[in-house]
Each structure stands twice: as C-alpha cells, then as structure tokens.
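Have a look at the structure below before the remarks.
Remember, it's 1-based here, ligands and their atoms both numbered in the order they're listed. Computed over heavy atoms, backbone and side chain alike; hydrogens, waters and symmetry mates excluded.
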Amino acid sequence: MTTVSSGAGVVADAVIPAPVDLEPGEGVLDLTAVTIDAPDDVTARLAGELLAASGAAVGPRDGVPVVLTQDPAAGPAGSESPERYTLTVTADGATVAAPERAGLLHGVRTLRQLLNAGRGEAGGALEVGAVVVRDAPRYPWRGLSLDVVRHWFGPEDLRAVVDLVGSYKMNRLHLHLSDDQGWRLDIPSRPALTKLSSQGAVSGAPGGFLSTDEYRELQEYAAEREIVIVPEIDVPGHVNAATHAYGELMPSGEATEAYDGIEVGFSKLHFDLPATEPFLRDVFTDVARMTLGPWVHFGGDEVLMMEADEFGRFVVLCQELIAEAGKTPVAWQEAAGSVDDSVDDSVDDSVDDSVDDRADGEGPVLVRPGTLLQYWDTRPDPAPLVRAARAGAKFVLSPADRAYLDMKYTPEHPLGLHWAGFVELRDSYDWDPATVIDGLPESAVEGVSAAVWTETMLNRDDLFSMLLPRLAAVAETAWSRPEAKDWASFRDRVAIEAATWRREGSTYHPTPQIDW
Ligand code: TNX
C-alpha cells in the first residue's frame, strides 16, 4: 500500500493495522463538529471519546453525521469474520457499517487514525479525505500478554493498556497474575494469597493486587471496548507466591520465603500432597467464576524440576478443573508435553481416549481438543506441538524472537532482557504466523499475542517505551494478510501515528528504523 496525500494535505492511508482494502474517493470531510448516531449508548459514548481525543467537538446535533449502523453485508467480499466492517467517508459524513459491535468500534478506530493523520503534530485541520475502507482481521485472537507480577501495574495503568491494545484493533489482554514474586488477584476462597503474597515485586519494588471488584471493573472496561481479559494463574512452576502463603503446599509443611529476584524454574507444586488438588480446585473455580470471558490460562511454563509424568498429571488436572468451571483452558506450549515423555499408564488412563494419540509410539497427548497453547520458545522440537494440533489444540503465537516486547531493541537498550536476542521494530513486523511452527497446519493458528515481561520495567513509561512502536507491528502481523503488509508503508504510518503518541503523552522508543 502507498501513502496518499491529497491537495489539502490529508493523508488517506494512515491506518495501523493495514486494512484489507482502502479506496480513496473525491472530497474532504471536516470533522470539527460531529454528531454520533449509534445503536446503543455505550457505543456512542466510546465513539465520541475516540473522536473527541482527536480534537473533534462531539455534540448531540448540528455536527457532521458519524453514523454507526448494524449491517451483516458490511466488510470485504467473502469475509465471514464477526469483526468485519466498512467505513465510508464522503464530504457529507462518515458511516461505519458492521454486523457486530466490534466492527463498529474498529471502524471508528480507523476513522480516528485517518483524522489524526490529517491533523498532524499541532492541531492541524480536522479533516479526512473521502474514502471507503473494507476490512476484517486475519486471525480472531490478537492480544497482549502482560506480566503484572514482576512489577505491579494497577487498574489505572491497566485501563491505559486496554485503550492502547484496542487502538490497534487487538481484542485480548492476557494478564500474568501469579508468579514467584507475587500474587495479584484476590481469591475469595484462599485469602492468604493476597494477604501474604501480594505486597512484593522484583528488587523490593512495591506490590499490589486486584480486588474482586477491581477485577470485575477492569473486565467491564475492556468488554465495552470488545477486549477480553484472559487471567493466568501460573502452575505448577512459578509458584513461590503460593507456597509462601500456604506452607501445606510444601512437603515440609513450611511456607517458603518471599522472593524478589528474577530467576525462574526453582519453585513447584507437588502433585501427591493432600493440599495440592484442593488448592488448585479452589483457585481455578474462583478465577473462572470471577472471569467474564471464556478463557482461563493455567501457565505450565518452565517447570524445570519435575518429572514428565508428574507434570502431565498437572496438565490433565488443570484442564479438567477449568473445563468443569465452564471455561476453555489456555497454557504455555510446554503443556503439549515432549515426544520423549516417559508418562506412565495411570496418567494415560486419565487422558481422554479421543485425544490419546499413541499411533506413533510416543507419549499421550495431554491437551484436550479446544485447549489453546501459547507458543513462545522457538528452541524445542516442534513435533509435540504438531501432535497436539492433530489432537485439536489451537495455537496463540508469541514467538519470543518476534513478539516478546521485553527483549531489548538493541544491545545498548537500557531496558529489557535479551535471552531470545534483540527485537528491533522490523523483527516484530517481518514474520508470518502461518510459518512459525514447522509442520503446523494454518487452521490450528488461532492468532498472535505480543508479550511483555516486566522484570526491568518499573512504571508506565518504561512499559510503553517497550510496547511502542513494536505493539503496532505485532498488531499488524495479527490483523493484516501478508499481501496487505509492507515495511516501507508501515514505517510511514508509524511516523504518522507517533504524532498521536506525542500529543497524548505516550512514551515510545524512537528507534532509528523510523524517520520520525
Ligand atoms: C520466560 S515466557 C518466561 C517468563 C520470563 C520471561 C522473560 C515464559 C512462558 N516464561 O517467566 O519472565 O521468559 O522474558
């Protein structure tokens, strides 16, 4: 795609992620004053907020009409995505047509970017060139995974992250809510978790947690914006916050010390202890009950000190508990097991026959059909993942060398880690989710999630400087088809979008890969 500038200086193509189809027309719409007509009050309010943030005066009448209308025929020809939309701008007004509310919001988000592009740095004209945008996402899951344990980010920061995620048409915010350093969600049946384990973070930084009310309010805030919060309780490793609160989870019966370092892999649950199963049942039942969305993530990563058969029992049990509580399980890729697992027969018996695939003489497949696996580590053999896909697992892709936005941009970058290498903007842009896992059928790819671990990020500025501009690159990789992606065009569009970041005070990293 190319950047189109009209005589009025209006940039017609400033949309991130790149849409399926954008056709400039004749004329210019002045959005100085707008009147919004939407199917419901919440949608009208949100559309108004988005356009007002771009400088439009939003009023009940006399403005140019911005009409949001439900229309099953909207979107690109042939698209069946429930998120599809058509945005039509003429000299007289703007219309967003979409079969569902998500598409209506996406259309307004596109209009916001076109408006900001015309406006430029310091309050230029509030004009948008006439255009028709027909658009729909490539993948249904487009998200950000955020660690709120290593450093604590409270409700206000989380709402800012929800807004950011939504502005690039992402629809999932996965929160990593428990780890060695802290427990960040009140669990009514297990009050000691937040009472004893929420106040720490890395290197003595202050902790915190979401009360059940705050968790509900955050989910409602996200849901208004068509974003689903996916809670993660990480087991059976990364559990020092749990063993610090409940000593009964340790063979010694003694609670472990609080931990504020950044090592991984040293803590674990013990399947055979009498306290373990009731603990997991209480926690996952409460989390499922408090969660509005359909998914609960049970972690499963980096369990470095456990035999494969014990790990397999945890994977089977957690899926069972989450499914019994009415949710779909999500786990890190390790839950697929490994081909050389020496899983014994009793685990095998507890695995549903329909997913037990021993045809090739390997261990059982531990995941249920429909379980989502989040791929992050590009080093292990992909064979178990392909087997899990054959058994019905779906994949959310967060390849660390592309989508881990806690990796440093360059060796000199002050924040971040580098175990997966350095991830410059172009690295997080130039990849195709369909070809990330060797041998995985594309039908098993549910989508893409950027991920940010916060060992080195102390506050919102730190966090946003790692997210921006790379989150926009991952968002485009998740939304746009390969034929719509173009690095040169993306560079131009990021530079345009950055004027909005500056105006709104969002910190970003001015990578030399962009002509700012
Ligand atoms: C690996 S990625 C982890 C996290 C760390 C991260 C740092 C994953 C599933 N586990 O515990 O925070 O590396 O990049």
Practice task
Could I get the full list of salt bridge (Lys or Arg N to Asp or Glu O under 4.0 Å) partners for R426, not counting sequence neighbours?
Solution key: D430
Exercise for the section: Check the pair E232 / W332 against side-chain hydrogen bond (donor to acceptor under 3.5 Å, both in side chains), numbers first and verdict last. Expected result: CA-CA 10 Å; E232 178 190 351; W332 295 105; 2.9 Å; yes
Exercise for the section: Would you mind checking if R225 and E220 are paired as a salt bridge, meaning a charged N to carboxylate O distance below 4.0 Å? Expected result: no
Problem - Basic-acidic side-chain contact under 4.0 Å: E424, K408 - result: no
List ligand 1's nitrogen or oxygen atoms that come under 3.5 Å of a protein nitrogen or oxygen, with the partner atom and distance.
from: ligand 1; atom 1: 10 (N); to: D301; atom 2: OD2; distance (Å): 2.9
from: ligand 1; atom 1: 10 (N); to: E302; atom 2: OE1; distance (Å): 3.1
from: ligand 1; atom 1: 11 (O); to: R150; atom 2: NH2; distance (Å): 3.0
from: ligand 1; atom 1: 11 (O); to: E302; atom 2: OE1; distance (Å): 3.2
from: ligand 1; atom 1: 12 (O); to: R150; atom 2: NH1; distance (Å): 2.8
from: ligand 1; atom 1: 12 (O); to: E455; atom 2: OE2; distance (Å): 2.6
from: ligand 1; atom 1: 14 (O); to: D406; atom 2: OD2; distance (Å): 2.7
from: ligand 1; atom 1: 14 (O); to: W419; atom 2: NE1; distance (Å): 2.7

Completion exercise
F284 meets the ring pair (Phe, Tyr, Trp, His ring centres under 6.0 Å) criterion, sequence neighbours left out, with none
Problem - Residue pairs passing the ring-ring contact (aromatic ring centres under 6.0 Å, His included) test where at least one lies in residues 305-324, sequence neighbours excluded - result: F271-F314
